[in-house]
Amino acid sequence: MMSPVSRAEAFCARFGLRIPILLAPMAGTCPPGLSIAVAQAGGMGACGALLMGPDAILDWARSVRGATNGAFQMNLWIPDPPPARDPVREEALRQFLGGWGPAVPPEAADATPPDFEAQCEALLQAAPAVVSSIMGVYPAPFVARLKERGIAWWATVSTVAEAREAEAAGADVIVAQGMEAGGHRGAFEAARAEAAMVGLFALLPAVVDAVRVPVVATGGIADARGVAAALALGASAAQIGTGFLRCPEARIPAPWADALATTPPEGTAVTRAFSGRAGRGIATAYVKAAAAPDAPPPAPYPVQRGLTQPMRDAGTREGDIDRMQAWAGQSAMLARAEPAAELARALWEDARRLLA
């Protein structure tokens, strides 16, 4: 049986890394500079490409490759079926959201995601070391094309059953996402995202035992103790999102970065109030108001995302954390405001000492 460090070193050798520290692919908060810094430290950069069209995907890959030859992953959501529209609910939401920001025009509810097939073609053209998925598994023909090009597929899962499904579909690596994670929950079925919430320390060893491929741990890991614990529980690497958001290269708004430093685990909440999909963020005044009994229930994704766009834009523009989409994992307080490369190296050096 491999030791945790030996397992991590074997994983690094397979994917051209020097340290088993991976940036989480966070849509909207993965500028090239952050991935470049993590890659230069020997870890893996990442791009959450959910909202990016083909040209933006290719531009991002070119920007990172222009500054480092380090590996990176690019991630897409597996699309949900078309949302069920409810004009009465949407009107109630428009009125509710108008109290938190600019008036919401009716057409805001018509938001549509970028063309998934075109995004997939762009990923093949960008040819990262890794293409990852969340919210389900890629169609079999796309998986076959990835494998033909030597691109690894990493599948994000939130339950043991999803891990087994992803391995059977051909995933090369399973990314086990604990309920502590910031941002959107990776549940394959949107309706079960809150009903099947499993903490990383329970999920990780169960997934490791259930599959034969390597497992990456993510969710609530933000310091060396979390990295060491994840590897001790069977992970081959640690994927970190919120833990990198206070780094200057992340370039998130200052009120959000400052709020992370003072948000305890119980100061976060899983909410559908921003996008219609369940995600964990800081429990701001808007998040609490949207959860009140008299608040209109959120519309499905991406209708809710379109409806909340004016409020979110105003919050960012005006530096108002209560109206920002301030995603945060439960270990937000452990995030450090220091250069990403220094942080990545320190996480692994300190984790190795703990494991020794």
Side-chain angles (χ1 to χ4, degrees), residues 24-27 48 50 75-86 89 93 113 116 132-140 143 153-171 173-211 213 215-221 239 241-242 265-266 268-281 283 287 290-291 293 295-305 307-308 325 327-330:
M26 301 172 285
L50 166 67
N75 174 277
L76 286 179
W77 283 23
I78 306 304
D80 286 331
R85 301 291 297 271
D86 182 340
R89 179 195 294 189
L93 284 163
F116 177 67
S132 61
S133 59
I134 193 167
M135 315 299 191
V137 298
Y138 282 117
V143 174
W153 169 33
W154 295 7
T156 304
V157 308
S158 61
T159 67
V160 173
E162 290 174 356
R164 292 193 173 111
E165 181 180 342
E167 183 184 38
V173 170
I174 299 297
V175 181
Q177 184 199 53
M179 63 175 279
E180 303 94 332
H184 286 98
R185 304 249 320 121
F188 287 12
E189 296 179 42
R192 288 186 50 76
E194 292 139 304
M197 294 208 300
V198 187
L200 184 62
F201 274 23
L203 178 66
L204 178 56
V207 169
V208 168
D209 290 346
V211 301
V213 297
V215 178
V216 167
T218 194
I221 303 172
Q239 182 172 277
T242 307
E266 65 271 23
T268 68
V270 173
T271 179
R272 294 176 183 261
F274 290 111
S275 73
R277 262 279 193 170
R280 184 177 295 282
V287 168
Y301 179 89
V303 177
Q304 183 77 9
R305 179 172 64 80
L307 289 169
T308 61
Q325 182 176 274
W327 295 132
Q330 288 188 317

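For clarity, every value in this text was computed on a predicted model and none was experimentally measured.
- Among all heavy-atom pairs drawn from Leu203 and Gly178, the shortest one is CD2-N, 4.2 Å.
- Using a distance-only test at 3.5 Å, with no hydrogens or angles considered, a donor-acceptor pair links the side chain of Gln177 to the main chain of His184.
- The main-chain N or O of Met179 is found under 3.5 Å from a side-chain atom of Arg280 such that the two form a donor-acceptor pair.
- Listed here is the closest heavy atom pair of Val160 and Ala206: CG2-CB, 3.6 Å.
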Test side chain to side chain contact (heavy atoms under 4.5 Å, CB included) applied to Phe274 and Val287, step by step: CA-CA 8 Å; Phe274 290 111; Val287 168; 3.6 Å; yes

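- Proximity of Glu189 to Met135: side-chain heavy atoms (C-beta onward) are nowhere separated by under 4.5 Å.
- When every heavy atom of Ala190 is checked against every heavy atom of Asp80, the shortest pair comes out as CB-OD2, 4.4 Å.
- In this structure, the side chain of Gln239 does not engage the main chain of Val175 through any donor-acceptor pair within 3.5 Å.
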Leu200/Ile221 under side chain to side chain contact (heavy atoms under 4.5 Å, CB included): CA gap, chis, key distance, verdict: CA-CA 9 Å; Leu200 184 62; Ile221 303 172; 3.8 Å; yes

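- Between Glu194 and Arg185 there is no salt bridge, since none of the side-chain N atoms of the basic residue sits less than 4.0 Å from a carboxylate O of the acidic one.
- Classified by interplanar angle (parallel below 30°, tilted 30° to 60°, perpendicular above 60°), the ring pair Trp77/Tyr301 is tilted.
- In this structure, CD on Glu180 lies 5.5 Å from CD on Gln330, to the nearest 0.5 angstrom.
- Side-chain contact check for Ser275 versus Pro302: every heavy-atom pair is 4.5 Å or farther apart.
- The nearest pair of heavy atoms linking Val303 to Pro83 is CG2-CG, 4.0 Å.
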Derivation of the side chain to side chain donor-acceptor pair (under 3.5 Å) call for Trp153 and Ser133: CA-CA 8 Å; Trp153 169 33; Ser133 59; 2.9 Å; yes

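- Here the CG-CG distance, from Leu76 to Leu50, works out to 7.5 Å after rounding to the nearest 0.5 Å.
- Between Ile174 atom CD1 and Glu165 atom CD the span is 10.0 Å, to the nearest 0.5 Å.
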Side chain to side chain contact (heavy atoms under 4.5 Å, CB included) between Val173 and Val213, worked out: CA-CA 6 Å; Val173 170; Val213 297; 5.7 Å; no

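- The main-chain N or O of Gly329 is found under 3.5 Å from a side-chain atom of Thr242 such that the two form a donor-acceptor pair.
- Under the 3.5 Å distance criterion, the side-chain polar atoms of Arg89 are matched with a main-chain donor or acceptor of Pro298.
- No more than 12 heavy atoms of other residues, nucleotides or ligands sit less than 6.0 Å from atom CZ of Arg192.
- Residues Tyr138 and Ser132 come closest through the heavy atom pair OH-O, 2.8 Å.
- The main-chain N or O of Ser158 is found under 3.5 Å from a side-chain atom of Glu162 such that the two form a donor-acceptor pair.
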Steps toward side chain to side chain contact (heavy atoms under 4.5 Å, CB included) verdict (Phe188, Val137): CA-CA 8 Å; Phe188 287 12; Val137 298; 3.9 Å; yes

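- When atom types are taken as modelled, the side chain of Gln304 and the backbone of Gly276 share no donor-acceptor pair closer than 3.5 angstrom.
- Scanning both residues, Val143 and Ala169, for their nearest heavy atoms gives CG1-O, 3.9 Å.
- Rounded to the nearest 0.5 angstrom, Arg277 CZ and Ile134 CD1 are separated by 8.5 Å.
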